[in-house]
Amino acid sequence: KPAPAAVPETPQEEKGFKDTIVFAPNTDAASLDPHVQNDTTSEQVVKMLYNTLLKFGPNGEITGDLADSWEVSEDQKTWTFKLKEGVKFHNGTEMTAESVKGTYDRAMDPSNGLVVGEIVKMFEKVEVVDKYKVSITTKEPYGAMMALMCNMSLAIMDPAYIEKYGMDLGSNAESINGTGPYKVVSWTRDEELVLESHDDYYGDKALTKKVVYRPIPEAAARVIALETGEVDAIQGVPANEVPRLESIDGLSVYKAKSIGQRLFRFGCNDSIVGNTKVRQALIYAVDRQAIIDSLFPGLSYPSTAPLAPVTWGYANLGEIKQDKEKAKQLLAEAGYPNGFKTKIVTTERYAKGVELAEIIASQLKEVGVEAEIQVMEWSAFLQTIDGITAKEFDAPLFIMGAGPSMMDADGGLRGLYTTTLTGKNDRNYGFYSNKEVDELIDAGMKETDPEKRKELYKRAQEILYLEDPAGIWLFDQLTNLAHSSKLKDVTVSPISTITFEKATIEK
Amino acid sequence: MNSQVFKRFKKRKSSVIGGIIILIFVITALIGPSLCKYDPTAIDLPNKYQSPSIKHWLGTDNLGRDTLTRLVYGARVSLMMSVVSVFIGSFIGIIFGVLAGYYGGWIDALISRLIDLILAFPGLLLAIAVVAVLGSGIMNTMAAIAFYSIPYVARLVRGLVISLKHTEFIQACKVIGASDFRIIVFHIIPNTMGQIIIDVTLSLGSAILTASSLSFLGLGVQPPNPEWGAMLSQAREVLRSTPLAALAPGTAITMVVLSFSLVGDGLRDALDPKLKNS
Amino acid sequence: MKENILKVNNLKTYFYTEEGVLPGVDGVDIEVNKGETLAIVGESGCGKSVTSLSILRLIPNPPGKIVEGEILYKGKDLLKLSEREMRGIRGNDISMIFQEPMTSLNPVFTVGKQIMESLMIHQKMNKSQARERAIEMLKLVGIPLPERRVDNYPHQLSGGMRQRVMIAMALACSPKILIADEPTTALDVTIQAQILRLMCDLKAKTDTSIILITHDLGVVAQIAENVMVMYAGKAVEYSDVKSLFKNPLHPYTRGLLNSIPKINSEQEKLYNIEGNVPSPRNYPKGCRFSPRCDEAESACFDKEPELINVGDSRRVRCWKYKGDE
Amino acid sequence: MNNVILEVKDLKMHFPIKIKTKSFISEKKYVKAVDGVSFSIHEGETLGLVGESGCGKSTTGKMIVKLLEPTEGSIRFRGKDVFKTQGEESKLLRKEVQIIFQDPYSSLDPRFTVGRTISEPLVVHKIGDEKTRKERAIKLMNDVGLMGEYFDRYPHEFSGGQRQRIGVARALALNPSLIVCDEPVSALDVSIQAQILNLMQELQAKYHLTYLFISHNLSVVKHICDRIAVMYLGKIVEIANKKDLFDNPKHPYTQALLSAIPIPDPEIIVEQEMLEGDVPSPVDPPSGCRFHTRCKNVMDICKKQEPKDLNMGEDHIVACHLYDNKED
Amino acid sequence: MLGYTFKRILQIIPVLFVISLVVFLMLHMIPGDPVKNMLGINAPEEVVEATRIKLGLDQPLYKQYIGFVKGVFNGDLGVSIHTRKPVLEEILNKYPYTLKLAIGGTIVATILGVIFGIIAAVNHNKFMDNFIMVLSLLSVSTPSFFLALLLMLVFSLYLGWFPSIGMRSPAHYVLPIITLGTQSVGIMARTTRSAMLEVLKQDYIRTSRSRGVPERIIIYLHAFKNALIPVVTVIGLRFGGLLAGSALVETVFAIPGIGRLMVDGVLKRDYPVVQGTILVISATFVIMNLITDLLYAVVDPRVKYD
Ligand SMILES: Nc1ncnc2c1ncn2[C@@H]1O[C@H](COP(=O)(O)OP(=O)(O)OP(=O)(O)O)[C@@H](O)[C@H]1O
Ligand SMILES: Nc1ncnc2c1ncn2[C@@H]1O[C@H](COP(=O)(O)OP(=O)(O)OP(=O)(O)O)[C@@H](O)[C@H]1O
Ligand SMILES: [Mg+2]
Ligand SMILES: [Mg+2]
């Protein structure tokens, strides 16, 4: 972790600090509407601008943010949140229970077609109890409710702005009114997003006056810009550049554990890969450590479960080592002693997606499986992977990135591995179907006793990981941030968002 | 006559050197692979990003493949790709150009408008669109490049045909009753060949560049094919830590493209009747 | 008596090309007297243009090079002048008009500007003086409305008018010698007649000497005083115009005269010189006309004949006249 | 001798050109390259067509060999309308009428050997097999004075005169009866010109050919032709047989043309009657008689009314108002 | 001239119309769903459907197209699927960058190319000719993204002369403009060279020489003014090329230009953005060609428009 923050009382400039941090993410935020944003780059900015009712503490515990306290009814269905008083939006209006209701009503209205709609599907209603008290009633008891309230998608907005800007909210600087430590000053898309500290922030005020986001899509250019000092921090350093950057005086690379995992999922509709033994064989054929060493040295470590350790509900199932003999044996048992031909579908959208596929193909070859690689442009990839029927689906092995932004096993498992009922694969892209897994996940969702939940998820993970595997989990990713050594106290969350509410930068 | 062209061509030193470079690359593409001891696609992870050594003259890439070997195989892929795509593009372009130029009238109007239209279109985008429609891969990249070059060839050929059409020897052919087909195939096309060859030579280089641009956008040739553009584009982010991995394909591209241009320019000087007797 | 203004001695201009050395002009002597017209006739490729370009040192180098000879203008050898001095001669003392009026004028400048340019360079006139003079020159060559035409671009003029502009341009600085390389070949007969008439008139007015290059013997007969006949890079006969037509000496000259259809007499069959004009790539040994000559003897095939003086200032390059000396 | 082989009637060729005007719509204008030309050629004779550059000589020639389709008028070859025949008949006609072009350089395909060029007409009309074609080609080459061994050479290896012979041989390959000669000698040197003219005369006698001989060189035309038509700006102003025309030119234009020819004899000082000015544009030809802008005898009527063709006897036809009253 | 210009501008409309139709059809042939792209891989099917309906993407193609055309006539290019901002606004924000790049690049390319071309032509087949042509073709022969990175490394990092990314000050423009401009230098130089070679062989050059005009004036005035005619055409064509090629340069230098907007649009299947950008780029190209045509009349008196 970066060194502790400087003493906040005195103005920063006098103490030899700069008032501006320039940060280069790889893309610009797509939208700064909490309900619309669904990518890390957007989310990390939204996080600077808005607050949620609850938040994760430094050790993953859930604490209040806009809510001071909360309680849940007997039937586990009604949650009542007592809000902090005197919280001001950027424009000076006060955040009240009405704000919460306005925000959630917008999220719940299916006619708005918001992605957040899926998350709040289990909400039945939101009611204002008094000015600073609001209650949310869910349709059924929901185990992950508290984690859900930490989700930036449920950050509280100003209903007046919702009214005024409608769906344009968050698409330009004027339309943003949050409660967060920073407010938007200007936003020139793809060029520059300037944030300034929010003077009336209810919590600890930001230490640096301005944060400037300057997206640089090209990784090599990003690194150069950091080296020339044009930017103070960059997101997404090419793994092979990390040692070099670390060795440069005045630059550091910060790495943090995250929820992110990289896996290749099985297309279980495939006649060969549908066979459990075949899937197990493929899992044993892969040498994870070699992959990590060559592509992401120091930036990832082998997966030990279908969830990353920072996710609530994670169960350590151990690393699976390459075992070619076992793989061959399993293949023989499955009826493919001489291997078979198959296909790996990948996309460059995921870091080193192509190289990963190349290495896996070469490792599979060692156990006799010939895999042809199909690289797809992201949009086309989505089309081939998402929202189609088993008949149309043709990707025996396909790349996936996973990580539940709620940091809860429910988010990490439910949509992805439970049997779909619609005939299309919905979010269960690989048509994975295991009755026991379905039951376990369903129970886990409804269970509100944390210990019991953990047990249920542990079992589910065992099945998914190896017994009847859904994918080849390769490695858990670290979020990395290369920055000038003068930049201190950047907050990097397990969901890979990088925020600057506590950050300072020396002159 | 050809020996004269050759003589004139020889006068331009840079073109001769360009020709020699291309020859070297072509020979490399043809026989190089049989001299390589490494497999261009065999992954050898422990040996990734090696610096040049006796074992790996140009070092290795991110997956431990020998850069020199990939470069040599890449010569085959890149040259083949550019030749095939430009050939196909030119072939179709010639057909359109001849039809438009020879028949004139509404055929010409139609084809010319079409050409103008495609030319008014950002070229790279056209290639992107083709690859996006067909999916990426060698074949589709070639299709994209071919498609991209059709209007240029067609426009060139159209102009040539229009001026040829009015020459007396074509008129003489008509008078003896020769069919349009005969006139086009035996008289018009052979007489446009010189210019077309110049054009093709110049296009060969840009085809390689287009392929590399597509790779940059992630739409190029599929792995593990050692296409130069793909190699360069994969290695660009480690330009600093392992410069050779990027510099090798980058230099190869530059040299070949430059050489094609020089040869094209030399041919233009040598073949252009207007510059004769210089 | 006659004042000699230009004398060219043994001019040789060779082209060093990929196909070897081409003797474009291979030993030509010229004498031009003040106020007289010398016509150079001969077939295509015999070196007429190269001769004229050599006089002004305008042979493109490479590949061309004047390898031998003297070009004496008012006693000065032009070949010994610096390029700068030579520029002072061009357009000022000796000027030239070319065969193609269509392409010999720069299409992007008005004709006035092109005429004015010479005046400003050589006569150091200022713009308005030059313009005035240009208009005057245009009037002189018979262009109607010269005040307006002066601002026209070449493409706005017809072929005949352009050739007039060329003449105006050539005469602007009152040169002593005007070299006209096939000035009427590209023009229609009626226009040709206009231009030739103009040249004769101007000559009478300005006392300019003219070197007229042509392959049209009719033109020669109309306006020249002296004639030089060229064949394959060499002068084969010098004569005054009347004697030449009355009594051509060289077999080639005779053949040439006979092979033109006569408008005022009936011929069943034209005389024709057999064979082709030799290419400078491989000129025959001996007399260059020998392979086509009816009267060739064995000596003709072996040895190149000298120029032989046959009196009356006539000279001919043929062995036949060896004895007459 | 007297049967008409080719009859041209009221032939017009108007090439559309776009003239951009100040208004938005570009006005369609026409180059009236040929504007009502009638004449006929008798079997075995040579008809000369003279006139200044751009007066429509080549255009007329091209229509006769069907390279251009006339805007109006008819061309009858042995009584058959050339532009109404179809299929086989049209193909047969193609064989009968051939053309020789002016430029010996651009009229041969630089990529075809001499042999191939000459035998191509035979290939096109599927005459004979390869062997007989070659024999015929070599015979034709001999006819035009080229050696058989040149069969496999390319045009650039020949001089202008030799190339023109190749062109003649190609035209002869199909045994035509009429050959349009579009300035066949004007690009050649004088000594070579004589060779070709002699050759053409020989061939005419040998194969009983009919020529339409286009030229702007009156001396040449006079030498080779039996009858001569003088064109001015898309119209024929005078047709007569050679002797008549030269001895007794009627039309002022013909007179001017004749006197403008430089005579290759310094002794003869011709009293030249100069034509002033340039040929007007065929896009907007002068009203009335097209020559009136340059005519020394211009009268009022000339500016208004187009002269009719007047027969001055012995097939001497002239279109000039000077002779209006003399018509009987 | 004014009338002509106006007429030509009117003529652009049908061309743009057809281009928009072609783009429209092509885009819809490309597999990929803009809605999914926007909502992300985790978006539920109902939301996707709802959004699709909201954006009107469920309508039959012809209706979508008619809607698009109607919009165009009202100055409305639609709303970006991805950013929800009006496409016109996006384009107006980004176009200036690209335009500056392309204009700068064209100026660099033209000046360098013309100078190189003249030097090469004057020294035909001598060392200078070879050297200059190799030099000017070198940058064209290097993939632009690679050249951009190399320039950035050398001039920003090692030498520190120019900033590496962005477009915030004039200094920021230097490297991108050089990258983009040098992509055309070779072509400009080649065109100038062969035009000059051809012009120098013309009769009127010989005429000028025969009048004693100094060689310098012949080359830089008499010959050059004629050689400019083909060069002007190439400027127009290259300008279009630069516009299209700007996508890569913009990506590397992190410039928020229209080229990147367009390529991103294709990759994200943001139909309105792609349609809008192509329309604008094509219009620029066509207008640029019109300007070249008008320039023609300036450099070549034989061409008259009225
Ligand atoms: N630039 C050149 N390079 C090579 N050879 C040349 C060049 N210029 C002229 N010659 C050669 O010099 C010879 C004489 O040419 P020249 O132009 O003087 O002929 P000409 O008598 O003027 O013929 P024409 O009547 O066709 O104008 C020709 O054989 C020609 O091939
Ligand atoms: N295809 C065409 N389109 C437009 N105008 C044409 C075309 N062909 C010829 N012309 C015009 O028609 C007129 C007559 O041309 P033509 O070639 O018949 O003249 P000509 O008498 O043969 O002249 P020359 O002696 O120069 O060969 C000219 O003004 C010419 O510009
Ligand atoms: Mg000459
Ligand atoms: Mg003609």
Side-chain angles (χ1 to χ4, degrees), chain C residues 41-46 142 144 157-161 184 186-194 196-197 214-225 240-246 252 255-264 266-279 292, chain D residues 50-55 145 157-162 185-199 201-202 216-224 232 242-243 246 253 256-270 272-281 294:
Chain C
V41 288
E43 285 176 285
S44 176
C46 70
L157 306 177
S158 70
M161 291 229 268
T184 58
L187 305 174
D188 281 329
V189 249
T190 56
I191 312 295
Q192 167 175 318
Q194 294 171 7
L196 289 178
R197 160 88 54 96
T214 179
H215 56 244
D216 188 337
L217 289 165
V219 172
V220 174
Q222 303 281 295
I223 72 171
E225 272 104 21
D240 61 286
V241 70
K242 289 198 175 137
S243 326
L244 186 89
F245 281 88
K246 205 183 289 163
Y252 171 67
L256 206 56
L257 283 171
N258 285 336
S259 52
I260 37 178
K262 305 285 183 311
I263 197 110
N264 41 4
E266 279 299 320
Q267 300 145 286
E268 240 333 280
K269 191 166 184 284
L270 290 171
Y271 173 82
N272 71 38
I273 309 175
E274 288 301 333
N276 292 304
V277 184
S279 125
R292 302 176 74 188
Chain D
V50 291
E52 276 173 293
S53 172
C55 69
E157 298 173 70
F158 293 92
S159 70
Q162 286 171 319
V185 295
S186 53
L188 301 176
D189 279 330
V190 208
S191 67
I192 308 299
Q193 169 181 312
Q195 293 173 7
I196 300 291
L197 289 176
N198 287 341
L199 171 69
Q201 280 180 317
E202 276 165 38
H216 61 249
N217 186 330
L218 279 165
S219 325
V220 168
V221 169
K222 184 183 177 209
H223 175 77
I224 199 161
Y232 186 79
K242 168 165 67 178
K243 201 168 162 358
F246 277 84
Y253 176 64
L257 209 55
L258 288 179
S259 79
I261 306 166
I263 312 274
D265 189 340
E267 310 280 318
I268 301 178
I269 311 290
V270 271
Q272 283 191 336
E273 43 165 286
M274 272 304 216
L275 272 188
E276 293 301 331
D278 296 311
V279 187
S281 149
R294 302 173 79 195

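All chains are named by letter (A, B, ...) in the order of the sequence lines, taking the proteins before the strands, and each is independently numbered beginning at 1. The basis for the numbers below is simple: all heavy atoms, side chains too, and nothing from hydrogens, waters or symmetry mates.
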Side chain to side chain contact (heavy atoms under 4.5 Å, CB included) between C:V189 and D:L218, intermediate numbers included:
CA-CA 9 Å; C:V189 249; D:L218 279 165; 5.6 Å; no
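- If you tally non-hydrogen atom pairs under 4.5 Å between each of D:A256, D:S191, D:A260 and chain C, the highest count goes to D:S191.
- Only the side chain of D:L197 has a heavy atom closer than 4.5 Å to any heavy atom of chain C.
- Residue C:V220: no heavy atom, backbone or side chain, is found under 4.5 Å from chain D.
- The part of D:K242 that comes within reach of chain C is its side chain, from C-beta onward, which places non-hydrogen atoms under 4.5 angstrom from that chain.
- Proximity to chain C is limited to the side chain of D:E267, based on heavy atoms less than 4.5 angstrom apart.
- With sequence neighbours left out, C:S279 forms a side chain to side chain donor-acceptor pair (under 3.5 Å) with no residue at all.
- The candidate with the highest count of non-hydrogen atom pairs below 4.5 Å against chain D, out of C:P144, C:G45, C:G275, C:A224, is C:G275.
- Using a distance-only test at 3.5 Å, with no hydrogens or angles considered, no donor-acceptor pair links the side chain of C:D188 to the main chain of D:E52.
- In this structure, chain C has heavy atoms under 4.5 Å from both the backbone and the side chain of D:S53.
- Only the side chain of D:Q193 comes within contact range of chain C, judged by heavy atoms closer than 4.5 Å.
- Under the ring-ring contact (aromatic ring centres under 6.0 Å, His included) criterion, D:F246 pairs with no residue, sequence neighbours left out.
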